[in-house]
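Indexing begins at 1, ligand by ligand and atom by atom, following the structure's order. The analysis underlying the following values was restricted to heavy atoms, covering all of them including side chains, and did not include hydrogens, waters or symmetry mates.
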Amino acid sequence: MIVILNNKCNLNKDEFKAYLKDISEIKTKIDLVLCPNFLNISEFKSDKIILGSQNVSAQNSGAFTGEISANILKSYNVKYCLVGHSERRKYQQENYHEINQKIKKLLESNITPILCIGETKEERDSKKYKEVIKEQLLSAIKDLSLENQKKIIIAYEPVWSIGTGLIPTNNQIEEIFSYIKSYIMTNKILYGGSVNETNVDTLKKINLIDGYLLGTLSLQEK
Ligand code: PGA
């Protein structure tokens, strides 16, 4: 079981130090991966929690002002990195090609990509959700060897569920997880979107879930 904590654009330096101290006290056997903002990555110290990143450049190191390459993340001991989060697809217009490039750069640096995929409410309502998921998945793994595909973790996060308090039914999640598994030989599939202390008991009944991606809950007092 793996749980990813996505801090998003939150926590200034002092807040992060207090937060890190707080979550370092959590006693758990699961792999806890913390994805702070880029600046807080350099403030990270923990022998219990694993370091992740929320983003990476699609370029190698070089003349790309404002970018952070996989090679730089590697030097900070980053082990996992989110790719294609719906907020980046929406607000930074991250496209299929960039997402595919980012995954390749991460794999070259031995950082595990966590590919986020999921449909909008309109896509679900118009029954196009499977097509969308297939397109997001196949474009992201384009030109990757089977061996590399297996290294990617997939996070299914329906856009309509992120930060809204709404979650799909277990049947809906199971349908998508099986569908994903028919296209990619990934080791792990996570669920993300409005996971909280209450609904996690229902989600736990789904055997196919290998872990969770938490946004809002990652920032709550433990
Ligand atoms: P949420 O966010 O838990 O606040 O819905 C999840 C995410 O965006 O990864």
Checking salt bridge (charged side-chain N to carboxylate O under 4.0 Å, His left out) between Lys130 and each of Glu175, Glu119, Glu135, which is the one that passes?
Glu175
N or O contacts of ligand 1 with protein under 3.5 Å, please list pair by pair.
residue: ligand 1; atom: 2 (O); partner: Lys8; partner atom: NZ; Å: 3.4
residue: ligand 1; atom: 3 (O); partner: Gly215; partner atom: N; Å: 2.9
residue: ligand 1; atom: 4 (O); partner: Thr216; partner atom: N; Å: 2.9
residue: ligand 1; atom: 4 (O); partner: Thr216; partner atom: OG1; Å: 2.4
residue: ligand 1; atom: 5 (O); partner: Gly163; partner atom: N; Å: 2.7
residue: ligand 1; atom: 5 (O); partner: Ser194; partner atom: N; Å: 2.7
residue: ligand 1; atom: 8 (O); partner: Lys8; partner atom: NZ; Å: 2.7
residue: ligand 1; atom: 8 (O); partner: His85; partner atom: NE2; Å: 2.7
residue: ligand 1; atom: 9 (O); partner: His85; partner atom: NE2; Å: 3.1
residue: ligand 1; atom: 9 (O); partner: Glu157; partner atom: OE1; Å: 3.3
residue: ligand 1; atom: 9 (O); partner: Glu157; partner atom: OE2; Å: 2.7

For Leu146 against Met185, the heavy-atom pair lying closest together
CD2-CG, 4.1 Å
For Asn71 and Lys74, does a side-chain donor sit closer than 3.5 Å to a side-chain acceptor?
no
Return the minimal non-hydrogen interatomic distance between Val56 and Ser69, and the atom names on each side.
CG2-C, 3.8 Å
For Lys181, I'd like to know if atom NZ has over 12 heavy atoms of other residues, nucleotides or ligands within 6.0 Å.
yes
Tell me the ring pair (Phe, Tyr, Trp, His ring centres under 6.0 Å) pairs involving residues 7-58, sequence neighbours left out?
none
